[in-house]
Each structure stands twice: as C-alpha cells, then as structure tokens.
Amino acid sequence: MMKCPAEDDTSEIASGAKNNDDASDATTVHSTVDVESKENDANSEKNSAETDNKSKDAQNSTIETRSAEVQLAETTDASRRTEIILSRTSSIDTDDGLALQAALELSTKPLDYVAVQTREVIDICWGNLLRITPDSVQEIQNRWRQGFKFCSPQEPTALTQDAGGPCGVIAPVQAHLLKRLIFDSLQSDSGSWRQPLEATLVLVECLADMLERCADGKSTRDDGFKAVILATTPEQPVDFDEFHRNMVLQTVYGRDALVRSIRENLNQFQHDFGVLKFLYACVATHGCANVKSEQGIDEEPLISTPFGHATQSLVNIMLTGSATPHVHDGVQDVGMLLQGVREQSDIGYLTILEALHYVNVGTFLKSPRYPIWLIGSETHFSVVFSVDNRLAVDASLVDENVVDKAKRVFLAKDGTGGGFISAADLPGVLAELGFDKSPADVASLAARMGGDIILLTQFLDVLYPNATDGSADVPSDFVIYHYNGIASPGTGAVTYARGVAKTVSPRDFGTLPIMKVLRTKWNPLDCEWDRDDVKI
C-alpha cells in the first residue's frame, strides 16, 4: 500500500530537528496522530468493504428470488415448480432476514402450495410406480385412464370397467350407487333401481357421500365439513403428464357446496382420468397425513407395485373413509397395536382370502348396515347385493351376537391373522368371554378344539355347537345379485347376475369361487345362478 501524506511529513520533521528537544517532542506528537489516522483509514476501508459485500449479497438474493419467480412463471409442471421453491428456500442463510423474507413470500404463493400438495397426493397413490420401466408404466396408466361410465342401455345403473386396475375405485362407487338406488327414500319416485329416471344425478350424490365420509366432519369453519375435489384445464388432458401438470384443487365446505361442485365438474368425472380424479379427491379430502398415520407400519402406495392393483388401504378409504390396511374390528394387539375398522360400515366386504384362511374379516365389514358387499378375489373387486333388507344388520345389534363377539375376542389373540391361536391363549379368551373354567376344564376344552393349535372354526363348534355364524335371523332363502364391471366375453356388456340363495341346503362347497366367498358370511349356503359365468 502506498504511504499516506502524513507519513512523509513526519519523516521530514524528524530529520530536520534531530538534535532539538522541542523538535523531538513535536515529532512524537505527530507520529502518534499519524498512527491513529492509519488505523482509522484501515477501519474505514474494512467497513466499506463489508457494506459492499452485504449490498452485493442482497442484490444476489434479489436476483436469485426474481430468477425463481421467472422460472415459476415459465413452467406449469408441478414437480418442477416444487423443486424451484424447495431449492430456493433450502439454500438461504437464516440470519439473512431480507433473503429469507423474499423466499418465504415466494414459497407461500397459492399456486406453489397447490403444486406441493398435489405432488404429495400423487406420491401417496403411486409411490415409485410411475418411475419404473416406461413400457410397464404406459400399460398401467392406460388401464387407469377412464371415467365413471354407465353401461346403457343393457344395464343403465351398472358402471363399466375398461381394463383391470381401477376396480378398487369403480366397484366401491358402484356399491354406494346401489345403496342410493335401492334403499334411499329419495329415489322412491324416480323409477326402479335398474331403470332410474336419471342415474347421473344419483352418481353425483353417491360421490358426495363418499367424499363426505372421507372428510369425517373435519372443518375449521362453521359452514360444514371440508372436502376437496379436482379439476383440470383443459377439461380433457392429452396424457398423464398433462393431467398431473394441470390439476387444480378446489376446496369446498358443506354438503350443498360439495354436491354443486361435483355436478359442475361431472363431465370430468365421467371421461378420461375421472376415476383418478375421484381417488385423488378422496385422499386430499381425508388428508395425506391421516392416510400415512392410518397405514402405520404398513405404509405403502395405494396403487400397488408392479401391476397397478388397488391395495386394501385404498379399498378401505373408499368403503369407510379410513385408510387402514386391515379388515378386523377395532384394535388388535399382536405385540404392536394394529388399527382396524372403527365402526360398522354402510357397505360390507367379503374376500376369497378369508376362504383361504389368510385373513379374518371383522363384523363391522361382514355385517354392514345395507345388504351390499364388495367382493375381493386375488386380482379383482366386484359387488354382491340384495334388495332384501332382512339381510341388513342394525347397528345396535352388531355387537350383541354372541358368536360374533366370540370371534372378535378370539381374533384379537390371533397374532398371525391366520385364524388360529395357541392353547396357551385359550384361558385369556375364555375369561374375556365370561367363562369361569378351572385349569383342568381349559385343558379338556383345548384337547377337544385340536390341542396346541386351535382353529377358529373348532373353537366356535365346541363352545357354540347349536349356533349359526351370525345367521340366526337370516331368511331361509333370498335373492342376491352379482356385479362385475368388466364386460362378459359372451355379451360384450355389463349385466347383473341373479341368484336364488338358500341357507338350509346341505353343505355343498361346489366349484365357483364366489360361493366360497359367500360361505364366509353364510354357511351353509347354496345358490342357483341364472348363468354359468359368475366370476369374481
């Protein structure tokens, strides 16, 4: 650094008055002043540099924020918008108040919040499924790309399914649709359940019913529950990417606003991507955090890998409004607490997996308020229903059947879900059911029930030999119908199969898988169908 003028003056004074005391004193004074001046100049330069740096940082922060705004304005892709926001907010020094405020303003723009929220809904439904091999993804996407369409004129109230996959949404919607068509008093003057005057109006109410159940009364406002529906612009996207890019979440409050919004967007629910729009709406309405919490340790995408089938969590949110992956009643303790179905469902559920002894469906799903059941096979969902209300179970009676109670207590000790317990668990089960048995009596009962491993069927046969499996009040014969959304190869149309069931027949297990499923609810049971190709 060059010498400042003060340094040169001091040197001249010192050399000219070398032997003079007064000159020496003057030199000392001037030297002190000059040192202080140097320190002040250095501090001034340092402060100036710091000010310049702060100014540059602020300018850079403003430029970066403006750059992010420009990027957001130039892209409509939801995932890209989310990346821009997160990258901007994650790189900020929290001590830099100006930059942080600018980033927070950027991250709280309504459209950016929607992008983050819709991405979370998509991830909960699909997980990594959309990131696997392109050919597989394309096939799965094509199977899910459909809306809610009626099979008219052959069966005006039956929804059609174009391909395998979305039955986990279509079949539950069909079940709720039948509930309104058959049992809702509002439809008494609107034609028969098979020939209604306007099926689409019933579909609107049905979708609203299911979304309201997903909302579960949750709201922060006084004008009703909070629900979310989805719309897209344009109304008919060209492909999946455009569909996901242009999804718009619309929040409504209360039943009237929900019905009105669904009616206004009904065209979108009935055409391509309509099934997915409704699924996303159910998830968004219920809340992504609630879905993950209810799944617990079994958290997984609602659409399974690698084939794109509906999981049990997806089916349960459609039936009950809760995303639990289990079908038992209440909480089951298997070393950890597993939350099952909390209360009696309007629509029931029966599955081939119970006939194969993989699961045990609880009373809340097996004995619904209406005689309508979703039927699960290994790869498909269909519906069995009846117009005979004698098959329905009043909510106040669900817990009063002694056999049903015995099943629930037994299954609460079943740590595998396979329908059996060990003999060591028998004393606790008997005590909870009110049996006062000595150790010798318990040992005798265990031996009669099979020894060390006790099956549910043997347990019930020994304790309740004269009781039927919850079917004491079931009529000896009744008519049931079966719905399968995939068109029959013979007719090319979706039509209801009709069967006459008898509960007094001898135990004839037959060959039809549907009969094996129905016998998990009614046993003994025989049924004469009006066709041979009743498939689940």
Side-chain angles (χ1 to χ4, degrees), residues 296-298 324-345 348-351 353-368 393-474 503 507 509 516-525:
I297 62 171
D298 297 310
T324 174
H326 308 294
V327 294
H328 58 260
D329 293 343
V331 178
Q332 197 172 88
D333 187 354
V334 294
M336 63 183 71
L337 299 181
L338 301 179
Q339 178 63 58
V341 180
R342 299 176 184 274
E343 60 183 2
Q344 184 188 24
S345 177
Y349 179 68
L350 305 173
T351 173
L353 297 181
E354 181 166 19
L356 298 174
H357 304 292
Y358 287 113
V359 300
N360 286 278
V361 179
T363 305
F364 290 154
L365 285 175
K366 190 170 286 185
S367 300
V393 178
D394 186 274
S396 63
L397 302 177
V398 170
D399 291 326
E400 293 183 1
N401 184 284
V402 65
V403 177
D404 286 339
K405 180 179 179 181
K407 288 180 63 177
R408 286 196 299 276
V409 173
F410 181 97
L411 295 174
K413 297 292 185 181
D414 175 13
T416 67
F420 64 86
I421 62 173
S422 70
D425 292 321
L426 185 58
V429 173
L430 294 174
E432 191 168 344
L433 292 174
F435 290 96
D436 185 10
K437 300 290 185 181
S438 67
D441 290 336
V442 173
S444 175
L445 284 173
R448 292 169 58 195
M449 292 175 183
D452 294 337
I453 300 298
I454 301 171
L455 298 177
L456 175 61
T457 53
Q458 295 170 318
F459 172 81
L460 296 175
D461 286 344
V462 171
L463 286 185
Y464 309 99
N466 298 317
T468 58
D469 187 14
S471 59
D473 297 325
V474 174
T503 58
R507 291 180 179 238
F509 288 92
K516 295 179 181 179
V517 176
L518 294 180
R519 288 189 182 105
T520 65
K521 168 64 179 174
W522 302 287
N523 199 4
L525 184 74

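When a residue number appears, it is its place in the shown sequence, counting from 1.
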Peer 1: Please lay out, stage by stage, how D298 and H326 fare under the test side chain to side chain contact (heavy atoms under 4.5 Å, CB included).
Peer 2: CA-CA 10 Å; D298 297 310; H326 308 294; 3.3 Å; yes
Peer 1: With side chains defined as the heavy atoms from C-beta onward, is the minimum distance between T351 and V361 less than 4.5 Å?
Peer 2: yes
Peer 1: Does the side chain of L430 reach to within under 4.5 Å of the side chain of V442, using non-hydrogen atoms?
Peer 2: yes
Peer 1: Can you check side chain to side chain donor-acceptor pair (under 3.5 Å) on K437 and S444, steps first, answer last?
Peer 2: CA-CA 10 Å; K437 300 290 185 181; S444 175; over 6 Å; no
Peer 1: Can you tell me if S345 uses its side chain to pair, donor with acceptor, with the backbone of G348 under 3.5 Å?
Peer 2: no
Peer 1: When K413 is tested against each of I454, L426, V429 for side-chain contact (heavy atoms from CB on, under 4.5 Å), which residue passes?
Peer 2: V429
Peer 1: Hey, is the main chain of G419 close enough, under 3.5 Å, to the side chain of D414 for a donor-acceptor pair?
Peer 2: yes
Peer 1: Using modelled atom types only, decide if a donor and an acceptor are shared between the side chain of S367 and the backbone of F364 within a distance under 3.5 Å.
Peer 2: no
Peer 1: Specify the closest pair of heavy atoms between P427 and A423, including all atoms of both residues, with the distance to one decimal.
Peer 2: CD-O, 3.5 Å
Peer 1: How about R448 and L445: do any of their side-chain heavy atoms sit closer than 4.5 Å?
Peer 2: yes
Peer 1: For R342 and G330, indicate whether the former's side chain and the latter's backbone hold a donor-acceptor pair under 3.5 Å.
Peer 2: no
Peer 1: Given side chain to side chain contact (heavy atoms under 4.5 Å, CB included), test L525 with N523 step by step and report yes or no.
Peer 2: CA-CA 5 Å; L525 184 74; N523 199 4; 5.8 Å; no
Peer 1: For D425 and S422: C-alpha separation, side-chain torsions, deciding distance, then whether side chain to side chain donor-acceptor pair (under 3.5 Å) applies.
Peer 2: CA-CA 6 Å; D425 292 321; S422 70; 3.2 Å; yes
Peer 1: Would you confirm whether D329, through its side chain, and T363, through its main-chain N or O, come within 3.5 Å as a donor-acceptor pair?
Peer 2: yes
Peer 1: Looking only at atom types and distance, does a side-chain atom of Q332 sit under 3.5 Å from a main-chain N or O of L411, one as donor and one as acceptor?
Peer 2: yes
Peer 1: Hey, what do you get for CG (L353) to OH (Y358), rounding to the nearest 0.5 Å?
Peer 2: 8.0 Å
Peer 1: One pair to check against side chain to side chain contact (heavy atoms under 4.5 Å, CB included): K407 and L456. What are the steps and the verdict?
Peer 2: CA-CA 7 Å; K407 288 180 63 177; L456 175 61; 4.0 Å; yes
Peer 1: For side chain to side chain contact (heavy atoms under 4.5 Å, CB included), just list the numbers for K366 and E354, CA-CA rounded to whole Å, side-chain angles, deciding distance to a tenth of an Å, and then say yes or no.
Peer 2: CA-CA 11 Å; K366 190 170 286 185; E354 181 166 19; 2.8 Å; yes
Peer 1: Could you measure the distance from the CZ atom of F410 to the CZ atom of F420? Nearest 0.5 Å is fine.
Peer 2: 9.0 Å
